[in-house]
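Everything on this sheet refers to the single structure shown next.
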Amino acid sequence: MAVASLTPLAVSADDPQNMSDVQQNLYEDAFKLLWEMKMRKRQGKPNLPDTVTELGTEDGCKVYLVGTAHFSESSRKDVVKTIQEVQPDVVVVELCQYRVSMLKMDEKTLLKEAREINLDKLQQAIKQNGVMSGLMQILLLKVSAHITEQLGMAPGGEFREAFKEAGKVPFCKFHLGDRPIPITFKRAIAALSIWQKVKLAWGLCFLSDPISKDDVEKCKQKDLLEQMMSEMIGEFPDLHRTIVAERDVYLAYMLKQAAKPLELPLALGPEPSQQIPSVVVGVVGMGHIPGIEKNWNNLLNIQELMSVPPPSLAAKVFKFAVKATLMGLMGYGCYRVGKGTIHLILSRPFIQSYLHKFTNQIF
């Protein structure tokens, strides 16, 4: 009897009601313990890096924006320190679902992926985004690969650190805060004239300036990739608007959506629907910080930013010319290598599918 009196949680397996009550009590106790541990770690006046900007909402929610350089070791440390100091309820990163794979890939694999730009990647980009947007994606990947090659460091290290640290914080959610990249590329292409598209592609193709790690750290005041892009597209304000300014609005909107009061379960308080202000950490390129601050107190609507304008007549003609040129080069190449090779090439499923689509567009 003495042993039984010392083990009040012991219940009979034949009594499902008692077993359910015990499990509920254990859950509530564990929930309280983890929550109290999180609150003890959360600093009232956190000691944050200089790259962090604090924003607030009318509900008292706080957003700590960590401005990063995408190829910076220092930025990784800033992200880790910020998350550990404030113990957030939500972490939002400047990624979309099309780039989320980089969160779980190791550095070696990412370096290899960034350096290897091949025909398969080109075909996949064109299939996913269309001819012009696909080519733009490959050219921007080339810029990223150039930086990767120069520094020996894969992009997105700060996002991977944010993902890992968020997993260590109890009850912390992880959100993707960037606009889908296909929409950004399609809107960017639609904003350019044919001549501007050619000129931009030419500049991206011949990018070769050396970059040092010191250059990256100097860019803590502005994201390196976006600074390089700004230098090349400075004469194209519409392109800057779609790649940077519109995404500032989108990121601000997603951060404000994340910064909502938390409704606590009954396990943490006697009052139903008890709410407390949430704490959010946003991890974005330094170049987006001014735009997010500018739009923070505005009434934001992202519906228009998610639409893709129809291609103009000139764009359709240019797209047809590109396809016709590719088909002409393919035909000439086949003529040069002989009939056997022609039959082999034309029998490939990808070629047959492309010819079918091309023929349907012409007729």
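If you read the sequence from its start, that first residue is 1, and numbering goes on from there.
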Practice task
Decide yes or no on side chain to side chain contact (heavy atoms under 4.5 Å, CB included) for E246 and L251, but give the supporting numbers first.
Solution key: CA-CA 9 Å; E246 287 185 358; L251 286 165; over 6 Å; no
Practice task
Take E94 and R247 through the test salt bridge (Lys or Arg N to Asp or Glu O under 4.0 Å) and record every step on the way to the result.
Solution key: CA-CA 9 Å; E94 184 199 330; R247 288 171 59 224; 2.7 Å; yes
Exercise for the section: Could you give me the CA-CA distance, side-chain angles and deciding distance for I243 and F185, then say whether side chain to side chain contact (heavy atoms under 4.5 Å, CB included) is met? Expected result: CA-CA 8 Å; I243 291 181; F185 283 143; 5.8 Å; no
Exercise for the section: Please lay out, stage by stage, how T53 and E293 fare under the test side chain to side chain contact (heavy atoms under 4.5 Å, CB included). Expected result: CA-CA 9 Å; T53 301; E293 287 187 283; 3.5 Å; yes
Practice task
Quick one: do E165 and K168 satisfy side chain to side chain contact (heavy atoms under 4.5 Å, CB included)? Show the steps, please.
Solution key: CA-CA 5 Å; E165 288 301 316; K168 300 175 184 178; 3.1 Å; yes
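The side-chain heavy atoms of F174 and V90, taken from C-beta on, include no pair separated by under 4.5 Å. In this structure, the side chains of V280 and D89 stay at 4.5 Å or more apart for every pair of heavy atoms. Considering only heavy atoms from C-beta on, Q257 stays 4.5 Å or farther from H175 through its side chain. No side-chain heavy atom of V281 sits under 4.5 Å from any side-chain heavy atom of V92. Side-chain atoms of P49 and K81, non-hydrogen and from C-beta on, do get closer than 4.5 Å to each other. Under the 4.5 Å side-chain criterion, counting only non-hydrogen atoms from C-beta, L255 is in contact with I292. A 4.5 Å side-chain heavy-atom check between P261 and C61 finds at least one atom pair inside the cut-off.
Annotation for P46 and E85: closest pair CA-OE1, 3.5 Å, computed over non-hydrogen atoms. Considering every non-hydrogen atom in both A259 and V63, the closest pair reads CB-CG2, 3.7 Å. Between G291 and N295 the shortest heavy-atom distance is O-ND2, 2.7 Å. Summarising the geometry of M306 relative to I183, their closest heavy-atom pair is CE-CD1, 3.5 Å, with the distance given to 0.1 Å.
For the residue pair R179 and T184, a side-chain donor N or O sits within less than 3.5 Å of a side-chain acceptor on the partner.
Atom NZ of K38 sits in a crowded spot, with more than 12 heavy atoms from other residues, nucleotides or ligands closer than 6.0 Å.
Annotation: ring pair (Phe, Tyr, Trp, His ring centres under 6.0 Å) contacts of Y64 (sequence neighbours excluded): none. Looking at residues two or more places apart in sequence or on another chain, you find a side chain to side chain contact (heavy atoms under 4.5 Å, CB included) between L34 and M37, P170, F171. Scored by the ring pair (Phe, Tyr, Trp, His ring centres under 6.0 Å) test, F159 finds H70 as partners (sequence neighbours excluded).
One N or O on the side chain of Q87 and one on the backbone of Q84 form a donor-acceptor pair closer than 3.5 Å. Formation of a donor-acceptor pair under 3.5 Å by the R187 side chain with backbone atoms of S307 is found in this model. Side-chain N or O atoms of N301 include one that pairs as donor or acceptor with a backbone N or O of Q303 at under 3.5 Å. Looking only at distances, a side-chain donor or acceptor of W296 sits under 3.5 Å from a matching main-chain atom of G56. Judged by distance alone, with hydrogens and angles left aside, the side-chain atoms of T68 form no donor-acceptor pair with the main-chain N or O of S75 at under 3.5 Å.
To the nearest 0.5 angstrom, D78 atom CG is 3.5 Å from T51 atom OG1. Distance check: I302 CD1 to Y250 OH gives 4.5 Å after rounding to the nearest 0.5 Å. For the atom pair L176 CG and R99 CZ, the distance stands at 9.5 Å (nearest 0.5 Å). Here the OG1-CD distance, from T82 to E158, works out to 12.0 Å after rounding to the nearest 0.5 Å. Atom OG1 of T57 sits about 10.0 Å away from atom CG of N297, to the nearest 0.5 Å. In this structure, D59 CG and S278 OG are separated by 8.5 Å, a value rounded to the nearest 0.5 Å.
Between D248 and R241, none of the side-chain N atoms (NZ, or NE/NH1/NH2) sits under 4.0 Å from a carboxylate O, so this pair counts as no salt bridge.
Cluster membership check: M39 does not share its hydrophobic cluster with L33, using side-chain heavy-atom separations under 4.5 Å among Ile, Leu, Val, Met, Phe, Trp and Tyr. V80 and L48 are assigned to two separate hydrophobic clusters, defined by single-linkage of ILVMFWY side chains at heavy-atom distances under 4.5 Å.
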